[in-house]
Amino acid sequence: RAERELQLSRFKFTDRFMESLYFLANEPSVALYRLQEHVRRSLPELVQHKTDMQEVEEQGQGAIYTVEYACSAVKGMSNSGVHFRSIEGLLRQTISIKEQLSSLQGRR
């Protein structure tokens, strides 16, 4: 009877030990399978997000270029005031010379 209990106890211990070994041996495999499953499920959505973000980045770069071009055009126009004042002075001189010529021709 004691020997039978000892065998039963050994059998339970061996069974639980083998169950623990089986669990420990398969746990990394199960974890890797779950990880692979998650990646396979979420990867297409991540790729789509990446593609969308690249399109948004391209649009942003285009907008930045447009704004920089507009800013340089405005700066160019503000710097052109000197040229317009010079043109205005030349036009005044031209009008004055034309009036002098007209008055000279009127005297002849």
Side-chain angles (χ1 to χ4, degrees):
R1 178 157 164 73
E3 193 173 313
R4 175 129 171 94
E5 286 179 18
L6 186 59
Q7 277 185 336
L8 188 60
S9 177
R10 272 190 253 156
F11 177 74
K12 285 181 181 178
F13 173 77
T14 306
D15 189 43
R16 286 184 180 165
F17 183 73
M18 291 304 292
E19 186 178 312
S20 294
L21 281 178
Y22 178 78
F23 179 77
L24 288 173
N26 286 317
E27 182 60 25
S29 298
V30 171
L32 289 174
Y33 173 76
R34 296 285 186 222
L35 186 61
Q36 175 193 11
E37 191 177 58
H38 172 72
V39 168
R40 189 177 328 135
R41 221 177 316 116
S42 62
L43 191 63
E45 187 176 339
L46 288 173
V47 169
Q48 185 60 45
H49 282 302
K50 180 182 177 185
T51 304
D52 293 346
M53 292 306 294
Q54 285 174 332
E55 289 176 8
V56 168
E57 181 185 10
E58 288 174 10
Q59 291 173 352
Q61 290 296 329
I64 289 170
Y65 175 78
T66 302
V67 168
E68 287 175 348
Y69 184 75
C71 286
S72 69
V74 168
K75 284 179 186 175
M77 288 189 324
S78 66
N79 293 336
S80 65
V82 173
H83 301 293
F84 282 118
R85 284 190 291 278
S86 173
I87 291 170
E88 181 183 16
L90 291 172
L91 285 173
R92 289 182 191 276
Q93 285 178 355
T94 305
I95 292 171
S96 173
I97 291 171
K98 171 69 173 144
E99 288 174 352
Q100 288 175 3
L101 286 175
S102 294
S103 74
L104 283 175
Q105 285 179 351
R107 289 184 191 163
R108 288 188 185 176

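Sequential numbering from 1 along the given sequence is applied to the chain's residues. Predicted model only: the values in this text are computed from it and were never measured.
For the atom pair R85 CZ and H83 NE2, the distance stands at 10.0 Å (nearest 0.5 Å).
Apart from F11 itself, the hydrophobic cluster it occupies contains nothing, where clustering links Ile, Leu, Val, Met, Phe, Trp and Tyr at side-chain heavy-atom distances under 4.5 Å.
In this structure S42 satisfies the side chain to side chain contact (heavy atoms under 4.5 Å, CB included) test together with H38, L46, sequence neighbours excluded. Residues satisfying the salt bridge (Lys or Arg N to Asp or Glu O under 4.0 Å) test with E5, not counting sequence neighbours, are R1. Taking L90 as the reference, S86, Q93 meet the side chain to side chain contact (heavy atoms under 4.5 Å, CB included) condition, with sequence neighbours excluded. Checked against side chain to side chain donor-acceptor pair (under 3.5 Å), R92 has the following partners two or more places apart in sequence or in another chain: E88.
Every pair tested for side-chain hydrogen bond (donor to acceptor under 3.5 Å, both in side chains) that includes a residue from residues 8-19 fails, sequence neighbours excluded, so the list is empty. Applying the salt bridge (charged side-chain N to carboxylate O under 4.0 Å, His left out) test to residues at least two apart or on different chains, the pairs with a partner in residues 30-41 are R34-E37, E37-R41.
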Donor-acceptor contacts, no H, no angles, side chain residues 50-69, under 3.5 Å, sequence neighbours left out:
| from | atom 1 | to | atom 2 | distance (Å) |
| --- | --- | --- | --- | --- |
| T51 | OG1 | V47 | O | 3.0 |
| D52 | OD1 | Q48 | NE2 | 2.9 |
| T66 | OG1 | G62 | O | 2.9 |

